[in-house]
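Worksheet for the structure shown next.
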There are 2 protein chains.
Amino acid sequence: MSNQETSRTRHRRGSAKPTLKDVAEAAGVSSITVSRALNTPERVNGVTRQRVFDAVDKVGYVPNLVAGSLATSSSRFIAVIVPSLSNVVFIEVIKGLQETFEARGYQMLLGNTDYDLQREHQLVRTFLGWSCSALVTAGLRHSEACRTLLSHWDKPIMEVMELGEALDLNVGLDHHEAGRCMARHLLERDYRSIVYVGACMDGDYRADMRFSGHRHELEAAGLEAPLIELDQLGSLAAGTAGLDRVLKEFPDARAIHFANDDLATGALLHAQRLGLRVPKDIAIAGFNGLPLGQHVTPRLTTIQSPREAMGRRAAEQVLRRLDHQPVTRRQHDVGFKLLVGQST
Amino acid sequence: MSNQETSRTRHRRGSAKPTLKDVAEAAGVSSITVSRALNTPERVNGVTRQRVFDAVDKVGYVPNLVAGSLATSSSRFIAVIVPSLSNVVFIEVIKGLQETFEARGYQMLLGNTDYDLQREHQLVRTFLGWSCSALVTAGLRHSEACRTLLSHWDKPIMEVMELGEALDLNVGLDHHEAGRCMARHLLERDYRSIVYVGACMDGDYRADMRFSGHRHELEAAGLEAPLIELDQLGSLAAGTAGLDRVLKEFPDARAIHFANDDLATGALLHAQRLGLRVPKDIAIAGFNGLPLGQHVTPRLTTIQSPREAMGRRAAEQVLRRLDHQPVTRRQHDVGFKLLVGQST
DNA sequence: ATGAAAGCGCTAACAC
DNA sequence: GTGTTAGCGCTTTCAT
């Protein structure tokens, strides 16, 4: 066995799938023509083009996007990083993003940090390695290393959820202001003893921002702003626990400002089981404006956050940048709306 | 050394990011050594290895996964295709998948078909182009072209949600049987006039499978099995509409079997607003076992489907295959559980 | 334990 | 409008 093998220079485990070259041979053209026929059909002759398309079907060609991506050093991936998939809020933002990006032929690369900034950094590294076209991440808080990594990156970066000092683009709402808004509403209704109840607020720091707005408003009115922080997951059940704790720890409480609608609705349903009248015995308010809270009786007073719209808006801004359209503002406030129900 | 050009023959738009070669130069080794130090550290000398790691940090190297993927013709991507992101059920399955895959270093590539089989086919093509390691798709129904494409693919394919004749691996539950189970429960409770209410069942064909189980059971008992199909989205609101339609079109109905918990809960809350007693005036049953239904009063009778567990189980089976472990069974029934509440 | 060379499948750059 | 050539950045094969 010295040398006369049937063309055996060096073997490679290439996946035996048809390539551009196979299509080219079948169509009797060169592979670059096939490439053009597929990517910029207007730049090849109609007859040739048809011949290529036929050949594609004939050999069952599926483009190798990895190779294309390496050649162009860009992929149609959009990296999307969220802290949790258990929270409807992120799900709906993702939905808005996904719809908008998918319609434009971009593929979402979804990462979940579980509220861990180290994990975020790791995900960012991985995603950069895939030559993503842009990156969307939830929130403005990142590890220093992650921030450095991103600041050296030259593609669009979108930070979504809250507003503030952003790396690049920013779409969100003012959570501090939202917390104030609800506190103001409760004060206007003449509740004076108001407890704020949140869950896992070190991770969900936006709930903490809302609390801080709430506290400012109460303190400005000369009131205390007690806080209960639950460490429980599973929001409806946590709401139940939250109400119990308020009744026990703050028997004089007249209103509860919950960090979100799940907690608030859980508490509201629990109040009914306990025979408490809402809002007569205890008023309950939430945040998010989920359908759930709008279907219970009494209807939940809450703040509507435009979650899907936020995702769409964020995606649109990113797409504008990818299309090289002028970006007038880097920051977009999607706002919120107080929904006054019967629970306050 | 004949041509001493500082600048070269042809330019390429390479993304100016440090590559293996840059690291190699900084470390005074060849690039293949850097590659090995990164991928199979045990195969390089300890001193060299450290020198490489230092160089990586120094030049700020981020591996180009696209290039790696092309060279190995495999990526650590798992394609996941679902028909909707608006439905908690898929979200929770995704969550189970994501957790399990991410823990093993696989990245999920998420696609949404919007219940369109053509769209599914297109997504599959795209995903195959990314050299995914495996594909997970919701359901057993695919277009013929999609089926053909997949049958020529040599990587693991997992069909999740319902059980049946699968392409490769299959994890799910028996929806027909689940429908029968609930119908049986209602019959045992002596409800004789039972209406099934679903929404958009052409897309959500598993609801239709449950209806068919329901119908079989009722017909076996000599009863009619009337069906109302809502075309409305937004499940709680649709449940409201569903109850209204039942009251109008089937005034004698004593029980309603809803296709899911959102509809059922929407109806239950609406019944309370209408002053109807549940289950005395009308019994209500759902499907899924969402927390929501378990927190209303009366607690919803429903069927618990193990959604996250289904995702985890599916991922585990796929991982076994990727690890070349023997796969004993291709089909896994995750089962379901009747939860008897007070709504029936 | 380390390196040189070939090549994964595609597209940008430069002809004609 | 089409073809030729040279990479994209990495890993595999083979050699030392």
Side-chain angles (χ1 to χ4, degrees), chain A residues 1-3 5 7-25 27-52 56 59 61-76 128-131, chain B residues 3 5 7-25 27-52 56 59 61-76 128-131:
Chain A
M1 292 303 163
S2 36
N3 34 18
E5 328 259 327
S7 85
R8 140 170 302 258
T9 25
R10 251 183 221 189
H11 246 89
R12 195 78 184 208
R13 77 277 81 172
S15 43
K17 287 201 315 180
T19 70
L20 266 195
K21 214 170 135 211
D22 298 316
V23 179
E25 277 163 18
V29 295
S30 75
S31 44
I32 185 67
T33 301
V34 178
S35 172
R36 282 198 270 252
L38 262 32
N39 297 312
T40 49
E42 70 281 4
R43 304 187 66 184
V44 320
N45 182 295
V47 185
T48 319
R49 194 194 309 148
Q50 193 52 51
R51 202 136 34 94
V52 169
V56 165
V59 306
Y61 173 69
V62 177
N64 184 328
L65 301 174
V66 178
S69 181
L70 179 61
T72 58
S73 71
S74 82
S75 70
R76 289 184 80 85
L128 296 197
W130 283 110
S131 303
Chain B
N3 39 9
E5 47 208 78
S7 51
R8 78 269 31 218
T9 31
R10 259 187 218 184
H11 242 88
R12 196 80 184 203
R13 74 276 85 170
S15 42
K17 288 201 312 180
T19 71
L20 268 195
K21 214 169 136 213
D22 298 316
V23 179
E25 276 164 18
V29 295
S30 77
S31 45
I32 184 62
T33 300
V34 178
S35 172
R36 281 198 271 253
L38 262 32
N39 297 313
T40 50
E42 71 281 4
R43 304 187 66 186
V44 317
N45 182 295
V47 185
T48 318
R49 193 193 308 148
Q50 193 53 53
R51 203 139 30 96
V52 169
V56 164
V59 306
Y61 173 68
V62 176
N64 183 328
L65 301 174
V66 178
S69 181
L70 179 61
T72 59
S73 71
S74 82
S75 71
R76 289 185 78 85
L128 296 198
W130 283 110
S131 304

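Heavy-atom basis, side chains included; hydrogens, waters and symmetry copies ignored. Per chain, numbering begins at 1; letters A, B, ... match sequence-line order.
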Subject >> Positions of residues 28-35 of chain B (non-hydrogen atom under 4.0 Å from DNA chain D), listed by number >> reply: Ile32(B), Ser35(B)
Original post:
Is there side-chain contact between Trp130(A) and Ser69(A), with heavy atoms separated by less than 4.5 Å?
Top reply: no
Original post:
At under 4.0 Å, does any side-chain N or O of Asn64(B) touch on OP1 or OP2 of dC8(D)?
Top reply: no
Original post:
Can you check the Lys21(A) NZ to dT4(D) P distance for me, whole Å?
Top reply: 12 Å
**OP:** Using a 4.0 Å heavy-atom cut-off across all strands, classify Ser69(A) as base, sugar-phosphate, or nothing.
**Re:** nothing
Subject >> Separation of dA1(C) C1' from Arg49(B) CZ (nearest whole Å) >> reply: 12 Å
Original post:
Of the nucleotides dG9(D), dC10(C), dT2(C), which has the atom closest to the Val44(B) side chain?
Top reply: dT2(C)
Original post:
Could you state the CG-P distance from Leu65(A) to dT11(C), rounded to the nearest angstrom?
Top reply: 9 Å
Subject >> Any side-chain heavy-atom pair of Leu38(A) and Val52(A) under 4.5 Å >> reply: yes
**OP:** Specify the angle, to 10°, made by the local axes at the two ends of the helix from dA1(C)-dT16(D) to dC16(C)-dG1(D) when five pairs are taken at each end.
**Re:** 30°
Original post:
Which whole-number value in Å describes the distance from Leu38(B) CG to dC10(D) P?
Top reply: 9 Å
Original post:
Closest nucleotide of DNA chain C for Arg36(B) versus for Pro63(A): which of these residues is on the 5' side?
Top reply: Arg36(B)
Subject >> Set of side chain to side chain donor-acceptor pair (under 3.5 Å) partners for Thr33(A), sequence neighbours left out >> reply: Ser30(A)
Subject >> Non-neighbouring partners of Arg36(B) that pass side chain to side chain contact (heavy atoms under 4.5 Å, CB included), sequence neighbours left out >> reply: Ile32(B), Thr40(B), Val44(B)
Original post:
Can you name the side chain to side chain contact (heavy atoms under 4.5 Å, CB included) partners of Val59(B), sequence neighbours left out?
Top reply: Pro18(B), Val23(B), Ala26(B), Tyr61(B)
Original post:
Quick one: side chain to side chain donor-acceptor pair (under 3.5 Å) partners of Gln50(B), sequence neighbours excluded?
Top reply: Asp54(B)
Original post:
In whole angstrom, what separates Arg43(A)'s CZ from dC14(C)'s P?
Top reply: 14 Å
**OP:** Tell me, please, which residues at least two apart from Ser74(B) pass side chain to side chain contact (heavy atoms under 4.5 Å, CB included).
**Re:** Thr72(B)
Original post:
Taking only residues two or more places apart in sequence, or in another chain, which ones meet Ser75(B) in a side chain to side chain donor-acceptor pair (under 3.5 Å)?
Top reply: none
**OP:** Send over the distance from Asn39(B) CG to dG9(D) C1', rounded to a whole Å.
**Re:** 13 Å
Subject >> Between dT11(D) (C1') and Leu70(A) (CG): distance, integer Å >> reply: 12 Å
**OP:** Taking side chain to side chain contact (heavy atoms under 4.5 Å, CB included) as the test, write out the residues that go with Asn45(B), two or more places apart.
**Re:** Val47(B), Thr48(B)
